[in-house]
Amino acid sequence: MPVEEASPAIVLRTRDYSESDRIVTLLTREFGKLSGIAKGAKVSRRRFERKLEVFSHVMLYFRRRPHGDLVFITRAESASLPSLELADDLAKIALGSYMVELADALTREEAEAAAAYQILVDSLSAISHHGARVALRQAYELNMLRWAGYGLEFARCRACSREPGPEVTSVAFIPSRGGIVCRLCRDSLGGVAVSLTPVSAATLARLGTISIADAANEDGAGADAKLAIARFIASIVDRKLRSLEFLDSLA
Ligand SMILES: [Zn+2]
């Protein structure tokens with residue numbers, strides 16, 4: 001029998017598999033994203049002390065199966081991990097759902113993702129303590145995108161590195177470039193742009209460089225910034241994020 005392995009993990013999604021079994025996808029600290037079958041998850045309180053539901057933060061125990069993609073989940077325990085309490089507030093549930101769906105979209109099964117796991121834990125923990133703040137959403141998006149290899153540039157022109165001067169009244173974010181461009185470069189580069197106020201661009205530049213915990217005390221950027229990031233994410237993920245509609249409907 002394969003050895004039992006273990007890792008802290010956050011549940012990203014679940015689906016029922018049979019009367020008592022559940023297929024669970026988790027972002028683990030040690031093994032990246034894993035999907036497994038939890039036999040008896042809907043009935044066994046002993047093996048699954050903490051329920052395997054979206055946002056559950058668990059110590060996951062599993063065995064690999066010789067054939068097939070799914071691991072066999074043997075146990076899930078609390079193991080002194082901070083629990084992520086989101087269920088008391090609809091806005092927290094909406095933002096948390098978006099965070100786990102984006103994490104799911106940006107990770108691949110069994111590819112190393114320890115830093116992504118930490119960003120997700122820190123972000124869900126921050127919204128459970130501070131509420132569904134716009135700054136936390138934006139800091140999460142920028143941190144996760146950077147982890148996935150998409151560091152967005154809001155401080156200076158992506159092409160010539162010039163910083164917007166005090167005379168600038170709006171800056172152009174070009175999703176296909178992953179950053180803002182100055183007026184001079186804009187003409188030669190082309191591409192569809194989202195217009196940002198200088199304040200929004202500066203706020204995103206700052207939120208992209210501070211920790212999630214520090215972002216909890218910051219103000220978020222405006223609707224223009226939300227649109228710019230959403231356009232960029234839509235251009236790189238291979239699916240429509242279903243939680244986004246719900247999240248935006250609450251705003
Ligand atoms: Zn330029």
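We use all heavy atoms of the structure for the numbers below, so side chains are in, but hydrogens, waters and symmetry mates are not. In each ligand, atom 1 is the first atom listed, and ligand 1 is the first ligand listed.
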Open item on the list: Between E245 and K240, is the side-chain contact (heavy atoms from CB on, under 4.5 Å) condition met? List the steps.
Closed with: CA-CA 10 Å; E245 206 167 309; K240 188 169 164 56; 4.2 Å; yes
Is there side-chain contact between [X] and [Y], with at least one heavy-atom pair below 4.5 Å?
| X | Y | value |
| --- | --- | --- |
| R137 | L247 | yes |
| I236 | L106 | yes |
| I119 | Y140 | yes |

Open item on the list: Taking K33 first and then E109, would you say they form a salt bridge - that is, a charged N and a carboxylate O separated by under 4.0 Å?
Closed with: no
Open item on the list: Treating R133 as the side-chain partner and E218 as the backbone partner, does any N or O pair qualify as donor plus acceptor under 3.5 Å?
Closed with: yes
- [ ] Enumerate the protein N/O/S atoms at a distance below 2.8 Å from the Zn ion (ligand 1), ignoring waters.
- [x] C157 SG, C160 SG, C182 SG, C185 SG
